[in-house]
Amino acid sequence: MTFAWYGNQLDAESRDFGALAVIVPLLERMNLEGIINQHVSTDEQADFDCGSILSLLVAARLCNPVALSKVDDWAKQSGADFLWGIPPEKLNDDRLGRALDRFFSQRHTVLACLALHVCKEFDVPLTELHYDPTHLLFEGAYENAEARDEVVTYEAGEERIHSDDALAPAHITKGRATDDAPKGSRMVHVGLATHVDEYGPLPVFGHTIDGNQNGRKAVGEHLALLRKHLKPRELTMISDRGTFSVGHLLRLKADGFHAICSAPWDDFRDLFDKQRKTLKWKKATYLSMEQHRRRTSNSELPQEHYELAVVKHLLQEHKSKETIDARVIFVFSTADQKVVRQQRQKHIDRIQDVLEKTRKNVARRGPHSDTDSVARRIARVCASKEAAKYFSWNMRKLTAKEKKNLPKPSAGERLPTHKFEYTFDRKILKKDEQYDGYSLIVTTVPQNRGSADSLFTKFKEQNYSEQINRGFKGPLAVRPVFLHKPERVESLVFLMIAVLMLYYLLQRLYRQALPEDAPQKEQRTTTRTILQAFKDYSLLVYRSRCGQEVQPTQLTRQQREILQQLGFRSPAQILKSRLPRAPD
């Protein structure tokens with residue numbers, strides 16, 4: 001007996017609705033369209049308001065990050081044109097570009113209002129924020145890109161914070177080379193403020209920085225914009241050592257805020273050396289997920305841990321001589337100690353291998369064994385390697401007696417004229433090894449508001465910021481070279497921050513709605529998993545003399561359960577509220 005039959009062909013088209021089933025109801029709760037329209041004016045001649053155009057663009061960037069010129073195709077294929085009431089042919093790159101132009105003049109205000117609405121709607125506090133900058137690479141000349149004026153200026157002693165249309169876009173220019181940014185790469189930096197709790201991270205605000213600026217400049221600009229637009233009553237800012245300076249701590253103190261910030265080891269090496277013998281170390285309660293797993297599963301892998309020691313210290317700003325009380329939390333990591341020593345030994349072995357090969361080559365007077373060639377070869381292998389300082393070498397000219405005592409060279413070889421010698425200084429190595437595994441955190445949080453152990457745990461949540469930065473670059477896989485204007489580039493970057501907010505808010509809502517005894521795996525459900533569950537969900541579109549009739553298909557059990565968990569309306573309910581009923 002068969003279980004399927006062939007039926008007549010239907011006069012219908014399928015639309016890949018997919019992730020829009022969860023993106024659209026969340027966009028409604030975020031009120032992105034309304035907030036944009038509240039602050040961004042729309043041309044009276046325009047057929048559609050900026051809120052509609054840009055909220056659709058946000059959905060497009062999350063569902064399928066394509067160039068602006070391809071958004072019309074995506075809208076037609078996904079059914080987004082029905083939801084937003086915008087025909088695909090109206091979604092050309094010129095209309096999208098003009099919407100980005102208008103958004104640019106209110107970009108900081110819109111993003112801040114969105115953050116405040118989301119935090120109020122979803123009960124997210126803004127009292128502790130992690131800050132981390134990252135870079136975005138660009139192709140093309142961007143000849144209109146220029147260095148912009150300061151975000152913060154002073155007129156007659158009064159502070160002025162420039163933003164929105166009073167602040168030019170970040171300068172797309174050559175920045176510092178990194179692992180994923182070759183020398184000469186054009187870039188801008190993007191700084192994100194992220195709330196982190198047991199439900200994971202949630203980016204809430206951001207800004208852009210010129211491509212040739214550093215972390216200290218970035219965090220100062222970010223704090224100023226955050227103060228102007230979010231107006232927090234209390235704040236603890238958590239950031240990495242690239243943002244550390246006494247000036248940063250003093251700026252926070254001036255507003256009654258606090259800092260938890262890692263700092264360069266060399267800045268506090270002397271303090272550590274003076275206090276080392278009297279430091280009282282305590283094992284930290286923080287453990288990574290992997291270390292938790294090793295302990296609960298009785299794994300034979302090493303069980304690493306952290307140790308903490310605290311020193312009260314008075315910091316002084318170099319120029320103003322202004323001081324601030326702080327706690328320096330020295331951190332020892334058994335895992336970091338192993339990693340540092342393994343990496344150092346790897347570099348030592350590499351240099352030593354080259355030196356030994358050079359010694360043998362000079363001894364047989366092989367090719368490139370002259371002094372200049374040897375110097376160039378060693379310079380190459382030692383470049384940017386800290387381990388180079390353990391070695392010293394020289395090319396010593398052989399004496400007549402030494403030449404006479406040399407064995408007769410083999411066929412094809414010549415008598416050497418020099419001897420290559422090198423030494424390895426173990427004293428310097430031992431001196432460095434005494435600091436292996438150590439790092440530090442500086443905090444101005446009062447002792448009665450956080451122990452060293454609890455503050456260290458908060459700081460380790462900074463890893464989530466790095467995770468978000470990696471995700472930030474993913475949706476921007478299509479480089480915005482087609483935007484031409486730096487203003488449009490900046491507008492797209494700010495919209496991408498809203499995309500990230502939506503992305504991490506989705507998994508946060510799901511995790512919050514789970515019962516306390518839910519399996520650990522489900523408690524770590526990600527937005528990617530949720531979106532994947534709706535990958536194959538589609539709509540059917542029938543054509544008739546009255547127009548197009550859109551019919552939702554049936555949800556799977558998993559899809560229904562996810563929507564119920566999130567408290568979202570079904571695609572059928574969304575379409576019913578947005579489209580008129582088909583005539584009988």
Side-chain angles (χ1 to χ4, degrees), residues 126-136 150-152 161 170-171 175-176 178-179 181 187-196 201 203-230 232 234-268 313 315-320 322 324-331 439-445 450 455-470 472 493 497:
L126 290 174
T127 54
E128 292 178 357
L129 292 177
H130 292 257
Y131 175 77
D132 192 38
T134 189
H135 60 265
L136 296 178
E150 296 289 327
V151 171
V152 181
I161 302 171
H171 189 197
R176 182 174 60 87
T178 62
D179 292 341
M187 64 180 71
V188 297
H189 297 284
V190 180
L192 291 176
T194 302
H195 168 79
V196 179
V204 293
F205 191 66
H207 79 302
T208 58
I209 313 103
D210 291 353
N212 57 0
Q213 296 292 352
N214 60 28
R216 293 184 179 183
K217 180 82 169 181
V219 76
E221 293 183 355
H222 183 86
L223 177 60
L225 292 167
L226 192 148
R227 284 168 44 223
K228 176 179 179 178
H229 290 281
L230 294 185
E234 58 177 296
L235 175 66
T236 298
M237 182 173 278
I238 306 164
S239 57
D240 286 329
R241 66 175 176 268
T243 66
F244 174 79
S245 69
V246 179
H248 171 55
L249 305 184
L250 289 170
R251 285 193 295 269
L252 287 166
K253 178 185 177 183
D255 290 292
F257 301 154
H258 305 294
I260 304 172
C261 187
S262 59
W265 179 258
D266 288 344
D267 291 0
F268 293 86
H313 191 54
L315 296 168
Q316 184 178 64
E317 208 278 325
H318 179 67
K319 291 183 179 180
S320 68
E322 192 175 352
I324 184 171
D325 290 317
R327 281 183 288 167
V328 178
I329 304 173
F330 289 109
V331 181
S439 60
L440 66 102
I441 298 167
V442 176
T443 182
T444 56
V445 176
L455 297 182
F456 177 68
T457 298
K458 291 180 187 297
F459 175 78
K460 293 302 291 183
E461 292 172 345
Q462 186 74 2
N463 294 332
Y464 284 112
S465 295
E466 297 170 5
Q467 171 190 323
I468 288 176
N469 284 339
R470 289 194 296 270
F472 196 11
V493 171
I497 297 173

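- The line from CG of Asp255 to CG of Leu226 is 10.0 Å long, rounded to the nearest 0.5 Å.
- Across Arg227 and Phe257, no two heavy atoms sit closer than the pair CG-CE1, 4.1 Å.
- Side chains of Leu230 and Leu235 form no contact here, defined as non-hydrogen atoms less than 4.5 Å apart.
- Residues Pro203 and Ile468 approach most closely at CD-CD1, 3.6 Å, considering heavy atoms.
- Nearest heavy atom pair, residue Asp325 against residue Thr444, reads O-CG2, 3.9 Å.
- We find the CD1-OG distance between Ile238 and Ser465 to be 8.5 Å, quoted to the nearest 0.5 Å.
- Here the CG atom belonging to Asp132 is positioned 8.0 Å from the CG atom belonging to Leu192, to the nearest 0.5 angstrom.
- Side-chain contact between Lys217 and Glu150: present, with at least one pair of heavy atoms (C-beta onward) separated by less than 4.5 Å.
- Interatomic distance, CD of Glu221 versus OG1 of Thr208, reported as 8.0 Å (0.5 Å rounding).
- Looking at heavy atoms from C-beta onward, Leu249 lies in side-chain contact with Phe244 at the 4.5 angstrom threshold.
- Lys319 and Glu317 get closest at one heavy-atom pair: N-OE1, 2.9 Å.
- The aromatic rings of His313 and Phe268 sit perpendicular to each other, their planes meeting at more than 60°, with 30° as the lower class boundary.
- Under the 6.0 Å cut-off for aromatic ring centres, His222 and Tyr131 qualify, their centroids lying closer than that.
- Across Pro264 and Leu440, no two heavy atoms sit closer than the pair O-CD2, 4.2 Å.
- Using a 4.5 Å cut-off on side-chain heavy atoms (C-beta onward), His130 and Pro201 make no contact.
- In this structure, Thr194 OG1 and Tyr464 OH are separated by 12.0 Å, a value rounded to the nearest 0.5 Å.
- With Thr243 as the partner, the side-chain contact (heavy atoms from CB on, under 4.5 Å) test is satisfied by one option alone out of Val219, Asn214, Leu223: Val219.
- A 4.5 Å side-chain heavy-atom check between Leu455 and Arg327 finds at least one atom pair inside the cut-off.
- To the nearest 0.5 Å, atoms NE2 (His229) and CD1 (Ile161) are separated by 8.0 Å.
- Annotation for Gly211 and His189: closest pair O-NE2, 3.0 Å, computed over non-hydrogen atoms.
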Applying side chain to side chain contact (heavy atoms under 4.5 Å, CB included), run through Gln462 and Ser262 and close with a yes or a no. CA-CA 10 Å; Gln462 186 74 2; Ser262 59; over 6 Å; no
